[in-house]
A.B. asks: 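Just dropping this structure here.
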Amino acid sequence: MSKVKIHVFSISDYEEEEVWLRKQHRQGLKFVKMVPPCFYVFEECSPEDVVYRLDYQNASASSDCKQIFQDYGWEYTGSCAGWLYFRKPASEIQHENDGEIFSDGQSKVDMIQHVLKTRISPLLAIFFCLLIPNLVRAFSGSLGKVDYFLIAFFSAMVIIYLYLIIHCGRKLMKLREKYKTE
């Protein structure tokens, strides 16, 4: 039987998402797919300790990519918004590196750089090219009659984007520094 759970993770919360998916599997819910923006589909299963890992490719996984992970014992479970989902029973993990899909810290740093380039950069572009100018125009009345709805809308969008840029940017930078030392 399928079950849908709602949980919100930002692009910088992928480690927390891995932990959450593992916890769900321990409780008898096997991850099936993620439907944006925050819907997780699970199937009931026998509770088992299964490690989940995410990789960011900003595209669906190629057959070569899937095969490489499969050769190391990882099951590809699907992708969503550039994130690739893999899992492996904890009982198959003999060494610390067996529980990771990346072989070294630099590979993790490269993934973070890719996320920053393909996700944070577009957020910044939207913020500076669309939101800020439209908010200024709404306040100046150059859109015509002062429209309080537009002012409220653009103000809310500026706040949301600022939060996302600051939260995700800071967290990704911290993760990048952490991975550099591995």
A.B. asks: For residues Gln57 and His114, report the shortest heavy-atom separation together with the two atoms involved.
C.D. replies: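 Looking at all heavy atoms of both residues, the shortest contact is O-NE2, 3.5 Å.
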A.B. asks: My understanding is that only residues two or more places apart in sequence, or in another chain, count here; which of them pass side chain to side chain donor-acceptor pair (under 3.5 Å) with Glu75?
C.D. replies: Arg87
A.B. asks: So if you build clusters from Ile, Leu, Val, Met, Phe, Trp, Tyr with side-chain heavy-atom gaps below 4.5 Å, do Met173 and Leu123 land together?
C.D. replies: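 As far as the 4.5 Å side-chain criterion goes, Leu123 and Met173 are connected within one cluster.
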A.B. asks: Just verifying a value: how many Å separate Leu84 CG and Asp55 CG, rounded to the nearest 0.5 Å?
C.D. replies: 5.5 Å
A.B. asks: Residues two or more places apart in sequence or in another chain: which of them pass side chain to side chain donor-acceptor pair (under 3.5 Å) with Asp98?
C.D. replies: none
A.B. asks: Once the angle between the rings of Tyr14 and Tyr179 is folded into 0 to 90°, is it parallel (under 30°), tilted (30 to 60°) or perpendicular (over 60°)?
C.D. replies: tilted
A.B. asks: So, do Glu16 and Lys171 sit near enough that their side-chain heavy atoms are less than 4.5 Å apart?
C.D. replies: yes
A.B. asks: Using the side chain to side chain contact (heavy atoms under 4.5 Å, CB included) rule, pick out the option among Val158, Ile165, Ile159 that qualifies with Leu162.
C.D. replies: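 Going through Val158, Ile165, Ile159 one by one, the side chain to side chain contact (heavy atoms under 4.5 Å, CB included) with Leu162 is satisfied by Val158 alone.
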A.B. asks: Rounded at 0.5 Å granularity, tell me how far OG in Ser155 sits from CD1 in Ile160.
C.D. replies: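 Atom-to-atom, Ser155:OG and Ile160:CD1 are 11.0 Å apart.
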A.B. asks: Go through the structure and list residues passing salt bridge (charged side-chain N to carboxylate O under 4.0 Å, His left out) with Glu15, not counting sequence neighbours.
C.D. replies: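 By the salt bridge (charged side-chain N to carboxylate O under 4.0 Å, His left out) rule, Glu15 matches Lys178.
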A.B. asks: State the CE-CG distance between Met111 and Leu116, to the nearest 0.5 angstrom.
C.D. replies: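 Reported value, rounded in 0.5 Å steps: 10.0 Å.
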A.B. asks: Side-chain heavy atoms under 4.5 angstrom apart, residues restricted to Ile, Leu, Val, Met, Phe, Trp, Tyr: same cluster for Leu21 and Val41?
C.D. replies: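 No.
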A.B. asks: State the NE2-CD distance between His7 and Gln24, to the nearest 0.5 angstrom.
C.D. replies: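 Here the interatomic distance stands at 8.0 Å.
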A.B. asks: Do Glu17 and Tyr85 have side chains that approach each other closer than 4.5 Å (heavy atoms only, starting at C-beta)?
C.D. replies: yes
A.B. asks: After noting the C-alpha distance and the side-chain angles of Lys174 and Glu177, does the key distance pass the salt bridge (Lys or Arg N to Asp or Glu O under 4.0 Å) rule?
C.D. replies: CA-CA 5 Å; Lys174 285 181 183 178; Glu177 292 307 310; over 6 Å; no
A.B. asks: Among Phe102, Tyr76, Tyr72, Trp74, find the one that has a ring pair (Phe, Tyr, Trp, His ring centres under 6.0 Å) with Phe86.
C.D. replies: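 Going through the options one by one, the only one that passes is Tyr76.
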A.B. asks: Which atom pairs, donor and acceptor, lie under 3.5 Å between side-chain atoms of residues 43-50 and protein residues at least two apart or in another chain?
C.D. replies:
{"residue": "Asp49", "atom": "OD1", "partner": "Arg22", "partner atom": "NE", "Å": "2.7"}
{"residue": "Asp49", "atom": "OD1", "partner": "Arg22", "partner atom": "NH2", "Å": "3.1"}
{"residue": "Asp49", "atom": "OD1", "partner": "Arg26", "partner atom": "NE", "Å": "3.0"}
{"residue": "Asp49", "atom": "OD1", "partner": "Arg26", "partner atom": "NH2", "Å": "3.2"}
{"residue": "Asp49", "atom": "OD2", "partner": "Arg22", "partner atom": "NH2", "Å": "3.0"}

A.B. asks: For Gln106, check side chain to side chain donor-acceptor pair (under 3.5 Å) against everything at least two apart and list the hits.
C.D. replies: Asp110
A.B. asks: Give the minimum heavy-atom separation between Arg53 and Glu18, together with the two atoms involved.
C.D. replies: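 Answer, listing the atom of Arg53 first, then Glu18: CA-OE2, 3.3 Å.
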A.B. asks: Do Trp20 and Tyr40 make a side-chain contact, defined as non-hydrogen atoms from C-beta onward lying under 4.5 Å apart?
C.D. replies: yes
A.B. asks: Could you pull out the closest heavy-atom pair between Ile120 and Gly169, with the gap in Å?
C.D. replies: CD1-N, 4.3 Å
A.B. asks: Please give me the minimum heavy-atom distance between Trp83 and Arg119, naming the atom from each residue.
C.D. replies: NE1-NH1, 4.4 Å
A.B. asks: What distance do Met157 atom CE and Ile132 atom CD1 have between them, rounded to the nearest 0.5 Å?
C.D. replies: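 Spacing of CE (Met157) from CD1 (Ile132) equals 11.5 Å.
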A.B. asks: At their closest point, which heavy atom of Phe42 faces which heavy atom of Leu29, and how far apart are they?
C.D. replies: CD2-O, 3.6 Å
A.B. asks: Considering only heavy atoms from C-beta outward, does the side chain of His167 approach that of Asp13 to under 4.5 Å?
C.D. replies: yes
A.B. asks: Would a 4.5 Å heavy-atom cut-off, applied to side chains only, mark Tyr56 and Thr118 as touching?
C.D. replies: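 With C-beta onward as the side chain, the pair touches.
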A.B. asks: Do Leu124 and Ile11 belong to the same hydrophobic cluster, where Ile, Leu, Val, Met, Phe, Trp and Tyr are linked whenever their side-chain heavy atoms lie under 4.5 Å apart, directly or via other members?
C.D. replies: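 Leu124 clusters together with Ile11.
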A.B. asks: Tell me whether Phe128 is reachable from Leu130 by hopping between hydrophobic residues (I, L, V, M, F, W, Y) whose side-chain heavy atoms are closer than 4.5 Å.
C.D. replies: yes
A.B. asks: With sequence neighbours excluded, tell me which residues meet side chain to side chain donor-acceptor pair (under 3.5 Å) with Tyr161.
C.D. replies: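 Tyr161 satisfies side chain to side chain donor-acceptor pair (under 3.5 Å) with no other residue.
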A.B. asks: Treat each ILVMFWY residue as a node, draw an edge where side-chain heavy atoms are under 4.5 Å apart, and state whether Leu54 and Ile68 are in one component.
C.D. replies: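 Yes, because Leu54 and Ile68 connect within a single hydrophobic cluster, where side-chain heavy atoms sit under 4.5 Å apart.
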A.B. asks: Between Thr77 and Tyr52, do the side chains contain an N or O donor and an N or O acceptor separated by less than 3.5 Å?
C.D. replies: no
A.B. asks: Cys38 and Val8: which non-hydrogen atoms are nearest, and at how many Å?
C.D. replies: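 Closest approach of Cys38 to Val8, heavy atoms only: CB-CG2, 3.9 Å.
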